[in-house]
Structure formats: structure tokens, C-alpha cells
Protein chains: 12
Amino acid sequence: MAVVKSSLSDADLKVVGEALQGALVDLVDLSLVAKQVHWNVVGPRFRSIHLQLDEVVTTARTHSDVMAERASAIGVNPDGRAATVASGSAIGEVPTGWIQDQDAVRIMVDALVAVIQRMRERVAATDEPDPVTQDMLIGLTGELEKHAWMFQAENV
Amino acid sequence: MAVVKSSLSDADLKVVGEALQGALVDLVDLSLVAKQVHWNVVGPRFRSIHLQLDEVVTTARTHSDVMAERASAIGVNPDGRAATVASGSAIGEVPTGWIQDQDAVRIMVDALVAVIQRMRERVAATDEPDPVTQDMLIGLTGELEKHAWMFQAENV
Amino acid sequence: MAVVKSSLSDADLKVVGEALQGALVDLVDLSLVAKQVHWNVVGPRFRSIHLQLDEVVTTARTHSDVMAERASAIGVNPDGRAATVASGSAIGEVPTGWIQDQDAVRIMVDALVAVIQRMRERVAATDEPDPVTQDMLIGLTGELEKHAWMFQAENV
Amino acid sequence: MAVVKSSLSDADLKVVGEALQGALVDLVDLSLVAKQVHWNVVGPRFRSIHLQLDEVVTTARTHSDVMAERASAIGVNPDGRAATVASGSAIGEVPTGWIQDQDAVRIMVDALVAVIQRMRERVAATDEPDPVTQDMLIGLTGELEKHAWMFQAENV
Amino acid sequence: MAVVKSSLSDADLKVVGEALQGALVDLVDLSLVAKQVHWNVVGPRFRSIHLQLDEVVTTARTHSDVMAERASAIGVNPDGRAATVASGSAIGEVPTGWIQDQDAVRIMVDALVAVIQRMRERVAATDEPDPVTQDMLIGLTGELEKHAWMFQAENV
Amino acid sequence: MAVVKSSLSDADLKVVGEALQGALVDLVDLSLVAKQVHWNVVGPRFRSIHLQLDEVVTTARTHSDVMAERASAIGVNPDGRAATVASGSAIGEVPTGWIQDQDAVRIMVDALVAVIQRMRERVAATDEPDPVTQDMLIGLTGELEKHAWMFQAENV
Amino acid sequence: MAVVKSSLSDADLKVVGEALQGALVDLVDLSLVAKQVHWNVVGPRFRSIHLQLDEVVTTARTHSDVMAERASAIGVNPDGRAATVASGSAIGEVPTGWIQDQDAVRIMVDALVAVIQRMRERVAATDEPDPVTQDMLIGLTGELEKHAWMFQAENV
Amino acid sequence: MAVVKSSLSDADLKVVGEALQGALVDLVDLSLVAKQVHWNVVGPRFRSIHLQLDEVVTTARTHSDVMAERASAIGVNPDGRAATVASGSAIGEVPTGWIQDQDAVRIMVDALVAVIQRMRERVAATDEPDPVTQDMLIGLTGELEKHAWMFQAENV
Amino acid sequence: MAVVKSSLSDADLKVVGEALQGALVDLVDLSLVAKQVHWNVVGPRFRSIHLQLDEVVTTARTHSDVMAERASAIGVNPDGRAATVASGSAIGEVPTGWIQDQDAVRIMVDALVAVIQRMRERVAATDEPDPVTQDMLIGLTGELEKHAWMFQAENV
Amino acid sequence: MAVVKSSLSDADLKVVGEALQGALVDLVDLSLVAKQVHWNVVGPRFRSIHLQLDEVVTTARTHSDVMAERASAIGVNPDGRAATVASGSAIGEVPTGWIQDQDAVRIMVDALVAVIQRMRERVAATDEPDPVTQDMLIGLTGELEKHAWMFQAENV
Amino acid sequence: MAVVKSSLSDADLKVVGEALQGALVDLVDLSLVAKQVHWNVVGPRFRSIHLQLDEVVTTARTHSDVMAERASAIGVNPDGRAATVASGSAIGEVPTGWIQDQDAVRIMVDALVAVIQRMRERVAATDEPDPVTQDMLIGLTGELEKHAWMFQAENV
Amino acid sequence: MAVVKSSLSDADLKVVGEALQGALVDLVDLSLVAKQVHWNVVGPRFRSIHLQLDEVVTTARTHSDVMAERASAIGVNPDGRAATVASGSAIGEVPTGWIQDQDAVRIMVDALVAVIQRMRERVAATDEPDPVTQDMLIGLTGELEKHAWMFQAENV
């Protein structure tokens, strides 16, 4: 069923579609990981980190919607189901149980750095095929790098 | 690490903890499924269903946070990670690709009915052990049943 | 036409459906009665009672919608038409013409007390069959009893 | 008890008072009918019509208050009680039970057309006796005709 | 200095200009009188009347601006200076010193009735010459009559 | 295709429909002209006029929607397409290129005066056939005359 | 009728009461004068001055209420009636008819300077008798001097 | 003076009245204790705890009002005076002077745990006599347990 | 533990600290007393006084926070605990049980007059030592005197 | 008259100016076409499409202003007059009269696809000459492609 | 060029002008210093201090505007240029590079204490010459001392 | 101390870091210069320019924060201290004392043109090394060029 008449060539569509699907999976997982730490963090810095994590969740949820709707808009079906996210995310496994505050910060730095690296590759990959998608990825990467700075600054 | 001094007995804690963890998993998956359909639905009723699904997402996200924080508040660690959700949800597999509007409605009816049935069991199970948790589950079940009515009403 | 697949047994459905339909009729009439007094009250306390009555209207309108939509959500058709309300309400006849302020207060006390008594019976009746509906009735009864206190406090 | 010193002659007062009382009854019933359909409508267009009906309710409630308070302001007692509404409304009987979406639209077209016709007569009747009341009826009629257009547009 | 090219004939302009100037003076004085009572009222109903009077002030200030700007818009200079208001108002002298609550109500009824009578004459006078101005006067008169009803209702 | 059952006679419908279609065209063009000047005005008064023009745009856009939807509501098809506007507007040609501030004011005075004159004719024409439409035209004319006063006041 | 038990001595009360009554009269007149100019100003700077004058009106209205209620709060009856204002204001007569923009600015500078001078005397007079009243006068004087600067800056 | 006609039996009224009065005292004291720590806390975590405490104050103030008004609504006089609170609270003495941050957290954990224990007893006690009051206590207990978790999480 | 390096001399600090601590105690008690009457008042004026009292509570709570934080800011520990308030307040004992409306007004007049007298002494005492604290006390006293006027005006 | 000192070379200015002028014309027409369909659409999907079209209007109006002001900012005069739009738009002729809902969707798909194609060419053309303008075109194109997806999704 | 006719004598003007100019320079520098630390702070308390510093920036920016406009209002030209600030501020040099959290707190305590000391001198100096300016300085000093307390409390 | 693990190479980091530091200095100075003119401008256009300048301040402050936080996010320490700004800004010296309105406009045109030229160089320089930073600079440049157009348009 061909729903959307895409203005991209088939070759460009493949590159851009993969970038968007990859970004979607990373962002949905980032929102789940940030919530997991939000609920289980303990330690003297509990409240500060608890609040900070919900800002990451907001970034991740907002941009996962942007990525998925961009995919639909160019005629590629986004897939953000739990199993797809569980198997395809850039983020390593997060432990269960209470998480001490300094560990929470470290987990978030690792998660953000891993996602950012893949986003930068997607920015490069979409430059020629679709500047519209690239612009969305650039804006998102800037936000993620701001979050990454803040968690790194707390680890000093 | 015993963080929270629970006011429930160990036996009650086990029952209530399982109810909350189960509810958390179902609600996170409900939010992911509703988003999946939100992005991929097509057909004359696209816009109406697209908007309706975001109201389900809001319900599911709000209450998943309530459930997880209630678990922490009684001293049980919530687990809302993608792999846990993928393996433990009450909702069956959702197809990939475009979803015709009447199929979207049917998928949501099935998903909501499956979740509601398990929520009603949790309401019954927590009645004695913890009326505070039960009250949260009751409020949530009412909201889910309202969503279920609306999707069923559209299927006539 | 079976629209909603109810999770209640037929016996429970009958009890709960009657409670909701009865609550709906009482609340619609309460909103009409409170408006009637709102428009026709006179006396030195006119302004205070005029404003107070619109808060009763807000309570009655909000909860009549909750009751009716709950009925639909469990598969029972709500009936809030004028004739049904005129014949089935718990509230006695309200006089026409100007209403002196102390009479207005007395009319509202009588109306609220009559409705509250039937709501308390509905709370008791729905306890076993459907805790979700009962929870809605409990919240509503608390609001009505607050209004009843305030009008009674003005009658001293 | 002569509360308000009316600036209208007795003859004018009679005409204007009847127009306002009639408009009040029609509008209260319109609000009840629109809610009845709002709760019981089913079919693929459920959500769209369900939302649209609440806009009719808002119009009807807002203007019934305007009509009733205008009556009081010229010294005529408004009567918006359920029995008065049940016996005096311009709108025919609405069926109980689920209402299929196309039937819901037809019911609303009929109800609105019946009310509009009487409102246009009231606009004509109040022209000489009281331009203030007429202006309120004119504004209201414009809103009702907009609702009527929208439901008719959906019936094509 | 002819600033505004009026679309009214000279004869119509004279009638409409006088209506607007008269309305302006009455409304500015109404705002000053209502404030005077707002500050000096005493008695058990102090708070209710104190608040009610500020709603009259809002009506009077809003519409005095409308009247004055309408005058300018048709090329007639509005005059709302204190001396003009003091000598030209429809409202009789208000006493100085504390004002007992029932007296406050009576003063406002008298003031509003006096202003309304003149506004109704202005509505009649502007009917032919300028329906735009008349429409503004009609809306204003409706608001004033609502205030008058409320103060009269408190005097029963 | 007869969509809307009009409550006007055919003769009245013709008069009212022409008034609404004419008002629509004038208002759409007024919004385009005001924007054209908004973008191209220069001179010491640039900022003040630039802001003032957007208030004209708001008036024109709001009321063009009211006129068009009123036409539909009485069963007449509105036509606000660019070509229709270009050929039927009351406003003369506006120059291209930068517009000096005093010229901008003069252009707006001319445009507003031309539109107001036709609106006053429409107010007169619709008086008998449809007071609802007339009331909308009256309110609109009042707003346009206020804008016209302000631009004329700046030209002194 | 001794309503308020003042915490000031009779001598202090006299000084403070006169300061407040004087401030009230000046501020009510300032609001009327600013509105008079607001409606009648013409010239290239019309819009800027028209808007600026409403900010003076806001200052004058807000603080006249503060002054009058402070008088009541210490047991002195405020008098803000039109005749009292017309005869007691610090501001000289304002001309009728259109006011050219540079004249409008000059009128406002003169009015503000006259009021400020008297306010500074009131600040000095109330220093010992009542620091609460003085603090209100100080805040008000600061606001008036800011308005005065702005009008003077426009006159260069 | 029998103000409110209670719908509870005398025996039930006694149980429910004691629960509400006890809850009121505990909550008023909780608001005072949280403010005391809010003002006197010092240490590196000052700002975070300072802000967190105001959320406890909001919870305590909101629910103390709910408890007291519920008491009045069933005809029992609430007593929230300082002396009553000082002698009847569940919370132990709080020290004067600066409070180091970790001590502040410990004080709040102790205070919340003490209050929660008594609230759980009140939930149990009111189950049969009055489900309306019980529902209010359940909601409140859930909020208190959330606060308790957060302070405990910071103590790890 | 010397936390804050005060810019006041020791002698000044003692005077200012006592003023602030005294003001804090009076204001906390005022908030508790106003709430006590808010909950227990009865009589025809119930609603008006009930609402008015919450405005006193808002004033008292806002300024008690200002006073306590000002104490901390100059290095003095505020003490707002229930026992301290119960023993140190300027306000006499308030009765338990229902309070008739005229008694409620009298209780509030007495309470406000007692607190105002002590606040005026504190304004005088802090004039030399700390104009910053004095300015806060002056603003607060003005608000309290406004409340006192309003309750006294209702007692006439 | 050289108003703006452009930082672009003459050659770049020509390319960028043409892109902006073209985008302006397309967007103004898109807003007029979307309104035309908004008013004339009929069919069961009337309400959904009616609302959806106003979102297109918002996009088109917002960005037409951005394009025109960007043109002015680089020293090129924008031209958005009706005749210019009528002759230069990318969108084909839209029919008059009622438009059946599926036709409305098709008209909007065609209009959006035509505009998007020209916008993509403008994105390519401005890449070298002016990244600032290109960035605005990219953001706009993303929004248009989202609208195009939604209308196409409704056509399946 | 004598723009503002000052109501102060030349001698007073000199004192007050210097106080305002000095306050302006200190506040602009405080805003720049707080931003500098806001951007460069690191350590476990990063987020809390990062947010706290923006509240200092808000205070400093708001009051620098108040000081500068007060200077203009009395006829003295404010000077807030970078070079003036760099050479005249009360605050010592702030280091470049990352700033550890405890150092950030210490830097802010030093900066605030230095500015407060000079503000207290300005409060004393302006007492006689201009109570209006003094009142602004008093309010500002209170805010700065609150910030200073909070940073000192974090240093324990 | 290496706080942030940058995803840029050392060479790219140097280029991007210099661009961001330069932009920061220019923007902080632009905010100070715009405020300086905001306070000292005089002439008939005072109010219009006074308001316009605060919009430049908002742009400059918002983007200086974006630039500085972007620098930190890539691991480069931003320096926005007064001395750094005074010595490194692109903007020439602004005179002290009153500034006539046409001079104010010229000063702002010169300042904006100077900053824009350097921003365009930074856009070019960061294209390859970091598209994220470039995107921020592009958005900022567009805003600055809009301000520059407006001031130039006022100079004609």
C-alpha cells in the first residue's frame, strides 16, 4: 500500500528512512532508561537528578514523535514497538534495583554519549539526501549534547 | 540496600509489588502501542484516530509514572525497561506497516480489553493488602474503560 | 445492538446501571433546580446565594457527565432527557416566581439532602459489583455534602 | 412582589417575556438533547460527533443563562424546571438507546431547525418592544444557524 | 481642523454625536459614583456590595471608552473632563461619609435607573442615523439593566 | 447539491448572499493590502505603522471568516480565491516597492474608506432580509471605522 | 458613625487624611485628563501617545484606589466624586477639541509635574505621622516621575 | 447548636469525627514543622531541601483544609488552633537553630513516618462508618508516602 | 554555628531579630485563627466571611514566610513551631465550636487590632537599626490595616 | 530608494530574492485555497477536514510572513497582493461551490505536492547564496510535508 | 541638553545620581558574573547552583533597569556600558575556566557581600535627598541579602 | 580539568570554540549597548525606539546564553565577563549622555551591521566542523538581520 508519494529518490529514501528509524529506536529507549533511573535513583542528590531526568524524558519523547512522523511524512513506516526498541537501541543494559546517585549520573552520561555518536553519523548521512530530515537531527543533537554536558559537569 | 521502611507486611508487599510492576509494564506497552498506531494509521478516519490515540498515550504515560513511583514509595523497585516491557505485556503483537483505520480501532479495543482485565484482577488483589494502591488502580481502570468504550463505539 | 463488551456480570451490570441512571437523573435535576433558584432569588443575600448556586451547577453538570459516560462505558444507555428527569428526580417541586433568600437556602438544603441520601444508598449498592463506579459515587457524594454543609451553615 | 421596575410598558413586557421564556425552554432542552446524543452516539464518526455536540451544549447553556437573566432583568420570572422544559420544548422526542452516527446528525439537524424557526419568530416579535432583547436573540440565532449548517454539511 | 471624514450626514452626525457625548458623561460619572460607594459603604453586607460595585465600575469604564472612541471615529470630539461630568451627569448627588449598606443599594438603583432611561432614549434616537452607534448603545443598555436588576433584587 | 435548508426566502437569500460575498472579497483584500504595506513601509514611523497594520490584518481575517461561514450557514457558497479577490475588491491598486510612512497612512485611509462605504450599503440592504447577517455587518463596520479614525488621526 | 478604630492620634489623622484626600483627587483627575487626551490626540505620533496615555490611566486608577482605601482603613472618608475632583485638582484646564501630538505631550508634562510636586509635599508631611501611608505615596511618586520623564524625553 | 443534619449514626460520627480531628492536627503540625526546617536548614543540599519542603507544606495545607471542611460537613467542629496542635500532634519536638541538611532529612522522615502510621489507622477505622471520609484519607496517605519515599531516598 | 555574616551590629541585630520573631509568631497564629473561624463560622453571612477569611490566611502565610526568611537572611533563627506560637501570640484565645457570623467578625477585628498594634511598635523599633526590615513591616502593616477596616465596616 | 544594506552579493541577492518572492506567493495562495475548502467542504468527514484545514492556514500565514519579512531584511521588496498571487501561484484552480469531502482531500494533496516541489527547488537554490534563508525554507518544507502526509493518509 | 526638569536640588541630585550610577554598575556586573559562573560551574551540585544563579541574574537585571530608569527620571544619564562596568564594579575578578561547585558558592558569597555593603551605604546616603530612590534601594538590598543568605547556607 | 568528552576533533574544536566565544562577546555587548540607548534616547520617537530596543535586548540575552552553553557543551569555557566584553566586542564606542532619536537609530544600525558581518563569517567557518553550532548561528543571524532591517527602515 503506497500511501505517501515521496519527493525523495528510492536511494535517498533508504538512507533517510534508516536514519529516522534508528533515531526513533534510540530516543524511545532513552525515554525508558531515563524513567527507569528517575524511579530508582537514591542518594543525597536524589531530588536534583530525579527532576533532571524528567527533562531528558521530555526531550526524548518530543523528538521520538518528530522522527516517527517525519518517517511517515516521507513514506517510511516507523517502528517504535517495545521489542524493536529492546533489540535495536544504542544504549547498553541498565541495572535493576536502587541506583546510587553517582551511578545514575554515569549511566546517563554513557547512554547520552552512545546516542549522540549515532545521531552525528545520521546528521552526516542525511546531508545530501534530505536537508529537511538533517535539520531535525541537528536540532535534536544539540539538545542531547546539552543534556550530556550537564550530567558530565556533575561527575567532576 | 533497604531504602524505604515499608508500612506493609512482607506478604502484603509481595502482592502489592507484583500488582504495581504488572500495571507498570502494561501501561508502558500501551503507550508504545498507541504511538505505533498513531504514526501508522491510514484511511478516511486517519485524523480522528490519530488524535484520539494521543489521549490514550497521555493516560498511559501519566499512570505508568504513578504506578512506578507508588512501587518505590512502598519499597519495591519498578522495572520499566524495554526488554521487560517486551516480554511481560498483556498486549499481543502489533503489526508493522500502514494500518487501515478500522484495523487500528480493533487493535486498540483488543489492547485495552486485555489490559483492563488484568487491572481488574489487580484491583481485587490489592483490596486487603493496601487500599492506597487499590485506589490508584481503581482510578486508572475507570480511565481505561472510558477509552475502551470510545473505541468500541466507533466499531459499530 | 451490543456496543460495549462489559467486564461485569449481568447481575452486577443491572445494579450498577440502575445506580448510574438514578444518579444521572438526580444530578441533571439538581443543575436545573440550582439554575432556577439562581435566576429567581431575591433579598439582601441575593448576590452571595446567586454566586454560590453556580458552584452547585458546576458540580452537578460535571458529575452528571461522569455518571452518564460511566454508564456508556459499562454498556448501559444513559437517559438524561427532560421528561425522564422530570418524572424520576429525588428533588421535590420548586416554586415559580421570585424566591426570598432564606427560602432559597432552605430549598437547596432540602434538594441536596434528598439527593445525598440516594447517593449514599448507591455507594452501598455498588461496593461489591463495581468498585470503579463506587469510587466515582464516593467522590461525588463528598462534594454534595460539602455544598449541603454550606447552605445549612447559612440557615443558622 | 414587584422586584424590578421595568422600563417596558405592560404590553411590551408581555411580548418580550414570552419570547424569553420560550427561548429559555428551547435552549435548556437543546442542551439536554445534545448531551443525550453525546452519550449514546455510536458508529465510525463517534468521536467527531461526540466532540461537536459538546459545542452545541456550550452554546445552549451559555445562552439559556443569558435569556433567563434577561427575563429577570426586565422583571419577568424565568422558568427552566425539568417539567416545564419537558412540556414546552420545540424539539421532538429523542429515542433512547444507542444512536447510529448518521441518525445522530439527523436528530441534531431536526432539533436545530425547529429551534431556529421559533427564534426567528422571536427576533421579529421583539423588534419594536425591546431592541436589547432582540439583539441577544439575533446573536443567539446566528450561533444556532452555524451549528445547523455544520450538521447539515455532514449529512451530504 | 477636520480630522475624520465622516460617513454620516451633518444632521445625523449632530444626533449621534449628542447621544455619544451624553452617554460618555453618564458612564464616567457612574464609574466615579460606584467607586465612591465602594470605598464608603459599611454594614453587614459591606463585602458583597464592595465587590459588586467594582463590576459596575468595570462596565462603566469599558463602555465610556467605547463611546468616546466611537465619537472620535465619526469625527466628534468627546469630552470626559471632570467639570463636564460634574455638570452634565444624569446621576444625582451622592452623599459624603460612610454609607449604610441598604442606602448604598438604593443609591445604585437610583443611579442605574436614571442612566438607563437616558440610554434607552439614545437607542431610539440613533436608530435611523447610525445603526453602528445604536448597536453599541444596545449592548451597553443590556449590561446596565442586568446591574440594575441585581441591586433591585437585593432590596427586597 | 442543496446542502443547507435556508430559512430565508429566495429573494432575501439573493440580497444577503451578495452582501456577504462582497464583504468577504473586500476583507480578504484588506488583509492582503495591509500585509503588503506592513512589509514594505519605511520611514521614521515604520515601527508604529508596522504594528498598527497587523491589527487591521487581525480584524480583516477574523471577519472574513465570519462572513464566509455566515454565507455557508444560509446556504450560499463563499468564494475567497485570489482571482476573485483580485477582480472584485473595493480597494484600488497598491504600489510595489518601499512605501514611505505618510504614503502608507494615506493608502490605508483610502482603502478603509472605500471598504466602509460598501459595508454601510450592505448594512442597509440586509436590514429587512436578515437581521442576523446585518448584525454581523454592523459590528464589523464599527471596527473598520475605528481603524479608519486612527489612520486619519495620524495624517493631521 | 465611628466605623474604624484608628491607631493614629487625632492630630496625625488630620495630616494623613488630608494627604490621602488630596492624592485621591489629583489621581482621579489625572486619569480623566489622560483619557481626554487619549481620545482627542491627533498627529503623526497619534498611536504612540494614544497607547502611552493608557499606561498613565492605569497608574492613576490603581493608585487612586489605593489612596481611597487607605483613607477608609484609617477611618477617614475618601471623596472622589466628579464635583470634588473638578474643584480640587492640581491639574489646570485641558482644552476641548482635537489636540495636536506635541501639545498632548506638553499637556501631560504639565499635569504630571503639577501632581508630582504636591505628592512630594505629601511624602514629607506624612513621614512622622504614618510611615504606612508615606510608603504608599513614595511608591506612587516614583511611578509618576517615570511617566514624567518619558513625556519630557519626547519633547526634546 | 445543631447546624448540620448528619447522615451518619451517632456511633459512626464519633469514630469519623475523631479520625478527622486527629488528621487535622497532624497535618497542621506537619506544615509548621516543614516550614521550620525550610527556614533553618543549612548545608550543601540547602537549596534542594528548602524547595522540597515547600511541597510538603503544600500537601499539608491543602489536606488540612480538606479534613477540617469534611468535619464541618458531617457536623463535627474542627479544632486547628495552635495550642491544640502543640499538644496533640504525632510529630516529636523539632530543635531550634540551624539544622544541618542530613539532620533535616532525618527529621522529615521521622515526622512523615509518624503521621503516616496514624493515617493508616484512620483509613482502617473509617472503612465501615464513612467511605467518603475514608477515600479522602486514602488519597492523602498516598501523597504522604510519596514524600516519605523521597526523603528516605536522599538518606542512602 | 555562624552561618550568615550579618551586616548589622550586635545591638541592632538583637532589636531586629526580636521584631522579626515576634512578627512571625503573630502571623502564624493569625493564619491558624483565621482558618479556625473559616471552618466554624455559621449564620446568614457564612459564605461571605468564609471567603474573606481565606484572604487573611493568604496575607498571613505570605508575610510569615517573608519575616522568617528575613530573620535567616540577617543570621537570626526563626521559630514558628506550634508550641512557640501557642505561647507567644498577640491574639487571645478563640472559642471552639460553631461561631455565629457577627461573633466571627468581632473575633477577627480583635485579632487584627492586637496584631497591628504590635506591628506598629516593630515598625518604630526597626527604623534606625535596619530600614530593610522596617520596609517589610510597613508593607505588612498596611495590608493588615486594610483587613481590619473591612471587618470593622461589616460590624456597623 | 536603497533602504537595506544587504550583506549578499548582487548575484546571490537575485537568486534568494526570487526564491522568497516565489515562496510568498505560493503560501498566500495556499492560505486562500485552504480557507476556500474550509468553508465549502461537505460530507460525513466535514468537521474533521474543516478543522484540519485551519491548521494548514496557520502554517501558511505564519510562514508567508516569515518569507516576506526575510525579503525585506535582505533588501528585496515582497509582493503579496491578490493579483500577484492569482497569476503566480503553483496551485491550480480550485472549483467553486460545495466540495465533497474526498474531493477536498484530493485538492489539498495536489496543492501541497505542487508547493512542496517548488519549495525543494528553492532549498537547493539558496544553499550557497544564503544559509539563513535556506534554513527558513527547510523548516517550512518540513511542515508542509507533514500536512501532505496527513491528507494522503486520509485518502487510502 | 536639559531633558528632565528635576524636582531635586543640585546638591541632592549629585548624591542621588552617584548612588544610582554606582548601583547600576554593580548590578550589571553582578548579572555578568552570575552568568559566568552559571556557565562554568562543575561538580555534584552543578544543577542546583546552575539554576540558583539564574535567579540572581533575574534580580540583577530587573533592578539594574530600575536603577537606570530612575536615574533618567531625575535627569541623570545612566552609564551601563561594558567598559564602565569593567572598571567600576564592586566585585573582584572572577577566574576563567571550570569552577568547582564549592568555589562557585564562595565566589557568589563574596560578590553579593561586596555589593550589599555598597548598597547599604547608598541607602543611608539617599535617605534625606530622595526617599523615592531610597525606597528602591531598600527593596533591592532586601533581595540581595536573601540571595546572600542562601549561598552562605550552602557553605556550611 | 577535562569535564566534557567532546565529539569534535581538536582542530574542529578550536574553530568552533572561537566562533562561539566571539559570538558570546558580541551578543553580551549588544545587550549592554541596546540597554544604554534604551535609557538615554530622547526625541519625538522616544517611546517607539525605547520599546524596540528591549526586543534587541531579548534577542541578545537569549542567544548569548545559547552560545555560552553550546561552548560548555562541547567542552570549551565561555568567557562573558565585563572586561572581556569591553575589549573584544565588534561594536564601537557608544557616547554617554542623552542620545537624540535619529542618532539612536544610526547607532543601532552600525552596531547590528558590525555584529552581523562577524556572525556570517562564523556561519561559514563552522559549516564543516560542527553543523550543530552552525545551525544555532544561522538562526541567530536571521534574527539580527530582521532587527537591522527594522532600524534601517526607520532611517529613510
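Letters go in sequence order (proteins before strands), and every chain restarts at 1.
At a heavy-atom cut-off of under 4.5 Å, chain J is reached by no residue from residues 125-147 of chain F.
Contact of J:V33 with chain F is not made at all, since no heavy-atom distance falls under 4.5 Å. Within the 4.5 angstrom heavy-atom criterion, no atom of F:I91 approaches chain J. Only the side chain of F:D29 comes within contact range of chain J, judged by heavy atoms closer than 4.5 Å.
Taking OG of J:S31 as the reference point, atom CG of F:L32 lies at 7.5 Å (rounded to 0.5 Å).
Annotation for F:R81 and J:T96: closest pair NH2-CG2, 3.0 Å, computed over non-hydrogen atoms. Heavy-atom minimum distance, F:V85 versus J:A82: CG1-CB, 3.8 Å.
The environment of J:E121 atom CD is dense: over 12 non-hydrogen atoms of other residues, nucleotides or ligands sit within 6.0 angstrom.
Note: J:D79 leads J:D79, J:T84, J:V94 in heavy-atom pairs under 4.5 Å with chain F. Ranked by non-hydrogen atom pairs under 4.5 Å with chain J, the options F:E69, F:E93, F:Q36 are led by F:Q36. Between chain F and the options J:G97, J:A71, J:A83, the largest number of non-hydrogen pairs under 4.5 Å is found for J:G97.
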Determine, step by step, whether J:R61 and F:K35 satisfy the side chain to side chain contact (heavy atoms under 4.5 Å, CB included) criterion, reporting the C-alpha distance in whole Å, the side-chain angles of both residues, the deciding distance to 0.1 Å, and the verdict. CA-CA 11 Å; J:R61 285 183 177 167; F:K35 272 292 183 193; over 6 Å; no
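Of the N and O atoms on the side chains of J:W39 and F:D65, at least one donor lies less than 3.5 Å from an acceptor on the other residue.
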